[in-house]
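Presented below is the structure to which this report refers.
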2 protein chains.
Amino acid sequence: MATIHDVAKLAGVSIASVSRMLAGENVRSAEAIRQAISDLGYRPNASARGLRLGKHHCIAVIVPDIANPYFAALVRGIEERFMTQGFRIIVASSDEQFSAESELLGNLVDAVDAIAIVPAEEGERTRRLLAALNKPVVLIDRSVGDEPGFDLVNVDNTSGAKAAADYLLSLGHRRIGIISGRQDTVPGRARHQAFLATLAAAGVDVPVEAIKIGEFSRDFGRRAAQELIQQGQIGAAPGAGAAGITALFVANNTMAQGALLALHAAGVSIPRELSFICFDDFDLAELLPAPVTVISRPAIAEGHAAADLLLRRIEHFGSTNQPPLEHKVLPVSLTIRQSCAAPPFN
Amino acid sequence: MATIHDVAKLAGVSIASVSRMLAGENVRSAEAIRQAISDLGYRPNASARGLRLGKHHCIAVIVPDIANPYFAALVRGIEERFMTQGFRIIVASSDEQFSAESELLGNLVDAVDAIAIVPAEEGERTRRLLAALNKPVVLIDRSVGDEPGFDLVNVDNTSGAKAAADYLLSLGHRRIGIISGRQDTVPGRARHQAFLATLAAAGVDVPVEAIKIGEFSRDFGRRAAQELIQQGQIGAAPGAGAAGITALFVANNTMAQGALLALHAAGVSIPRELSFICFDDFDLAELLPAPVTVISRPAIAEGHAAADLLLRRIEHFGSTNQPPLEHKVLPVSLTIRQSCAAPPFN
DNA sequence: CTGAAAGCGCTAACAC
DNA sequence: GTGTTAGCGCTTTCAG
């Protein structure tokens, strides 16, 4: 690999001139240097530059699971923005584990200029971990306490859950079930509470038997739906099911897929026996026997927004006038398809 | 950030001793050093180490599109292996563009020790580009010419396509259509040819009107299916369609999703009017009105295999006795669900 | 077993 | 405008 010295020698100048030209300064023998650079196929050594400048032009992106389509799209959005700015992206999956996340962060801090993260855990220890990094951080989708102290991008979970509830209500449903994600996360809590509050405001109470709370995973979604079925909440014989629910809200796509799997296996007909609505769109949602009505959110746009916030903060990092903390909330939208209908008589 | 000097001073030794301890050598004051390290929260600076050693403990992973679930799973597999070995992963999407890929590679080479890549293009110029990197490279899914000169991991496309053809044949289909991906790629070619060859061996010819070849994209899949429908190959009135096809093979998941969308929009009933089978499993394939029968491949395992090959090559890199080039072919399997049936009478 | 010192490739004073 | 030079933090000779 050619170094700056080789270039300087070939061009007949000092290494300083080469370095300057590379930095965009005016140099007399610019042409000769350019020539030498291309002759030698010289490219500056990233480690040396990183060592010298304390900058790496590299961002760490940590998500719970890169194989989850939502996170993949999010990463894509972040990538799109940063690549055009000459930054590299290191992506890693935390597996929803604080310990893994903490280890990853430990390995990556020294190699990156900033961190974009969907934290595995929203507790105080995550906030401390992140703060200790002493680097620009942007939180995505989830927060870390009420006063995170970092920029934050997420979607309007409350409006989304409210829209879902209003829609179900407008269809005439009064006995509604809900499968929610972990309540120690912002999306988990916001969606759960907004949904129930909207129903409550309309005089509709959700009995505890019809509330399932657990991991944001396909597996939990499936188990929760199975329980609902076994309890007779869903799919009881028509007429007999006065106690059962006529509609189900599921708080994210992975859980929804699991629930759909269980519902399908049990032969529950959607929307005839049960109206189904969930948060997050997913691939092929429109191809299902009853195309699923969803609250969709803009994953790629979230990635862009997060990148923009981070870029701004990187720019001002170290200087005294930090831009104020920003919390960007992106809108979600109700995509009506065919998984919801008026409740059956009984 | 604490440096090795701080640690040395606190432990009352020279920086050399600290460095040695870190390298695993025996040192008298190991205990004091360990203490100092943890007191200061010291972690070696990656750039400095990279500069000094010419190694970065970092791998570049380049895929066409990280938002494609197959590639996301592949990346996950690679990640799993490397993370436990203390390597970082830089992921980037090439968008199926040689130019983008080439630029990415240019930006990344100096920062990584090896490259895992699903090349956007399989031509000679990609081979040259990769060879010029002078780093360990593993090709995944696609090759770069007949003599790539790199380790390669892919799946048994031929057997998979053959299995699909045999299955359709065994069901009694004789008029079969195919939607294939770009023929300048290994998977595109292998699947296409094996499928047609298997049919031909059974005396079944596929008319040119029933062969669609294009991008491996959802969009092309949709267009191809639409054409098939418009041409009267699919969905013609029963009895009238002696010229139409009774089964369709689609060569990958994204095209299959597009085709399914078009078929669904046109009201084609699967498998009553048309049997449908495709390469690659996809999320929720089992939830569709007619759960899709597929040839599934082990994305995560491919990632593991690629990582293992690369690890081995990194280890021996520079030494004289290079391990021989390896081409690892992983098996695929036919997952029978309900999208295929015997052809309708007419 | 240990410390001093050289140097990886680069940038940014500093002096001209 | 230009060249010289001092490190960035680390590993690794080389003496001891």
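Letters A, B, ... mirror the listed sequences (proteins, then strands); counts begin at 1. Side-chain atoms are counted along with the backbone in the values below, which use heavy atoms only and exclude waters and symmetry mates.
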| task | Can you run down the ring-ring contact (aromatic ring centres under 6.0 Å, His included) pairs that involve residues 61-117 of chain B, sequence neighbours left out, and say none if there aren't any? | result | B:His57-B:Phe87, B:Phe82-B:Phe87
| task | Five pairs at each end of the helix from C:dC1-D:dG16 to C:dC16-D:dG1: take the axis at both ends and give me the angle between them to 10°. | result |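 That helix gives 40° between its end axes.
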Between the protein and nucleotides 8-11 of chain C, which nitrogen or oxygen pairs are less than 3.5 angstrom apart?
{"from": "C:dG9", "atom 1": "N2", "to": "A:Ala48", "atom 2": "O", "distance (Å)": "3.4"}
{"from": "C:dC10", "atom 1": "OP1", "to": "A:Tyr42", "atom 2": "OH", "distance (Å)": "2.5"}
{"from": "C:dC10", "atom 1": "OP1", "to": "A:Asn45", "atom 2": "N", "distance (Å)": "3.0"}
{"from": "C:dC10", "atom 1": "OP2", "to": "A:Ile4", "atom 2": "N", "distance (Å)": "2.4"}
{"from": "C:dT11", "atom 1": "OP1", "to": "A:Arg49", "atom 2": "NE", "distance (Å)": "2.7"}
{"from": "C:dT11", "atom 1": "OP1", "to": "A:Arg49", "atom 2": "NH2", "distance (Å)": "3.0"}
{"from": "C:dT11", "atom 1": "OP2", "to": "A:Ser19", "atom 2": "OG", "distance (Å)": "3.0"}
{"from": "C:dT11", "atom 1": "O2", "to": "A:Arg52", "atom 2": "NH1", "distance (Å)": "2.0"}

[X]: salt bridge (charged side-chain N to carboxylate O under 4.0 Å, His left out) partners, not counting sequence neighbours:
X        : value
A:Glu326 : A:Arg312
A:Asp6   : none
B:Glu121 : B:Arg125
B:Asp113 : none

| task | Using the test side chain to side chain donor-acceptor pair (under 3.5 Å), find all partners of B:His327 that sit at least two apart in sequence or belong to another chain. | result |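 Per chain and number, B:His327 pairs via side chain to side chain donor-acceptor pair (under 3.5 Å) with B:Asn154.
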| Which residues share a side chain to side chain donor-acceptor pair (under 3.5 Å) with B:Gln322, sequence neighbours left out |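 So B:Gln322 forms a side chain to side chain donor-acceptor pair (under 3.5 Å) with B:Arg313.
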| said: I need the full list of salt bridge (charged side-chain N to carboxylate O under 4.0 Å, His left out) pairs touching residues 37-60 of chain A, with sequence neighbours left out, sorted by first then second residue. | reply: A:Arg43-B:Asp110
| Can you list, by residue number, the residues of residues 28-41 of chain B that have a non-hydrogen atom closer than 4.0 angstrom to DNA chain C? | B:Arg28, B:Ser29
| query | Among A:Glu79, A:Arg81, A:Glu80, whose side chain to side chain contact (heavy atoms under 4.5 Å, CB included) with A:Ile300 holds? | reply | A:Glu80
What side-chain donor-acceptor pairs closer than 3.5 Å can you find for residues 18-26 of chain B, not counting sequence neighbours?
none

